[in-house]
Number of protein chains: 2
Amino acid sequence: MNNRFPVSLHILTLLDDAKGEVVSSDYLAGSININPVLVRKEIANLRKYGFVDSKEGKGGGSFLAKNATEINLGEVYKAVKSDYILGQNKNEPNPKCPIGRQINEHLLGLYTDAENALIDNLSKQTLADFALKFK
Amino acid sequence: MNNRFPVSLHILTLLDDAKGEVVSSDYLAGSININPVLVRKEIANLRKYGFVDSKEGKGGGSFLAKNATEINLGEVYKAVKSDYILGQNKNEPNPKCPIGRQINEHLLGLYTDAENALIDNLSKQTLADFALKFK
DNA sequence: TTGTCTGTAATAAAAATAATTACAGAATGA
DNA sequence: TCATTCTGTAATTATTTTTATTACAGACAA
């Protein structure tokens, strides 16, 4: 399991906290305690999804590109998701086995369904709701 | 992401298909296309949770220890789960940062909630339901 | 009592993840 | 203009996680 979801959410929470002020990747990396390059990569992804925007050059950094009430955590999850969450789906079962031959399609159905339930749950909360928990 | 959930479900499906007949770890490994030692490790875990039982020695192997209608997929998930599914929760954010200092507790709440939604969804289906999809 | 299984530990290999290094280019402002 | 401080990104290395392999003791059936 990689750490992309919590890292992205941490970034977004910090940007929300900055209230529109530009925040450098070094500052973000310092709070999260990871490498700044990884932060910039994650920001590149968040930017791709329209959650944040960045300013290059001296005094540059990132900031929220939409209101925190318009970013829900299900969308954030979808932005960082790669594999299916319940299995890597890179298994190659034996095609000669009647079960092995069919299992991938049935796993796929299961994964999709379960993951939708997860996303629905996350979608109930916006970044604003999440940020509100911090005192 | 590891493959424990699909491997366990694959094992259980094969055992269900065997209708009480004992199945060797070599046969299971052949269908899943992984190493037999890994299968035996996974079976040791499934046994710990009372889903299967095994017979040692010549002609030995594993079999379901309860009816497939009494094994739901949420329980299977819980049996193989280790980390939280949305993050490894091994991050050590900066305690000097007001956000970093508090984020782990808030992530934990989020994870627990979202994971419960996932488990609830999986629990709607038993092993028998799942096995029925195979023709 | 031999052959075929499981159980399990120890090690090695492979794959995934994260950190680091390096550097081009943008923007600021002295 | 030019030094400085940022971002963006590629390439490499290090670390961690996952899987495979090897090895062998013990169970049990024939």
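To find a chain, count down the sequence lines: A is the first, B the second, and so on, and within it residues start at 1.
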*Check every strand shown and say whether Arg4(B) touches a base, only sugar-phosphate, or nothing at a heavy-atom separation below 4.0 Å.*
nothing
_Side-chain donor-acceptor contact under 3.5 Å, Asn3(B) with Asn91(A)_ = no
*Point-to-point distance, once rounded to the nearest 0.5 Å, from CZ of Phe130(B) to CD1 of Ile103(A)*: 4.5 Å
*asked:* So if I take every side-chain heavy atom of Asn35(B) and compare against dT6(C), dA20(D), dT7(D), which nucleotide ends up nearest?
replied: dA20(D)
*Ignoring backbone atoms, establish whether Ser25(A) has a side-chain N or O less than 4.0 Å from OP1 or OP2 of dT7(D).*
yes
*Measure from CG on Asn3(B) to C1' on dT17(D) and round the result to the nearest Å.*
13 Å
*Asn91(A) CG - dT19(D) C1' separation (whole Å)*: 14 Å
*How does each nucleotide of nucleotides 25-30 of chain C score, in 5' to 3' order, for protein heavy atoms under 4.0 Å: base (B), sugar-phosphate only (S), or none (-)?*
-BBB--
*Over how many whole Å does the gap from Leu38(B) atom CG to dA13(C) atom P extend?*
18 Å
*Give the rounded distance in Å between these two atoms: CD of Glu92(A) and P of dT19(D).*
14 Å
*For Asn45(A) and dT7(D), what is the distance between atoms CG and P respectively, to the nearest whole Å?*
17 Å
_Whole-Å distance separating the CZ atom of Arg47(A) from the P atom of dT7(D)_ = 10 Å
_Whole angstroms only, please: what is the NZ-P distance between Lys90(B) and dT17(C)?_
13 Å
*Report yes if the side chains of Asp26(A) and Val39(A) come closer than 4.5 Å at any heavy-atom pair, otherwise no.*
no
*Leu127(B) pairs by side chain to side chain contact (heavy atoms under 4.5 Å, CB included) with which of Leu15(B), Leu64(B), Thr69(B)?*
Leu64(B)
*Quick one: is dT7(D) close enough that its OP1 or OP2 comes under 4.0 Å of any side-chain N or O from Lys41(A)?*
no
*Phe51(B) ring centre to Lys48(B) NZ or CZ under 6.0 Å, with the angle to the axis within 45°?*
no
*Could you check which of dA19(C), dT17(C), dA10(C) has an atom nearest any side-chain atom of Asn2(A)?*
dT17(C)
*asked:* Restricting to non-hydrogen atoms, name the atom on Gln102(A) and the atom on Lys133(B) that form the minimum distance, rounded to 0.1 Å.
replied: OE1-O, 4.1 Å
*Just checking, any donor-acceptor pair under 3.5 angstrom between side chains of Asp129(A) and Thr126(A)?*
yes
*dT18(D) P sits how many Å from Asp83(A) CG, rounded?*
13 Å
*Under 4.0 Å between a side-chain N/O of Arg40(A) and OP1 or OP2 of dG8(D), yes or no?*
no
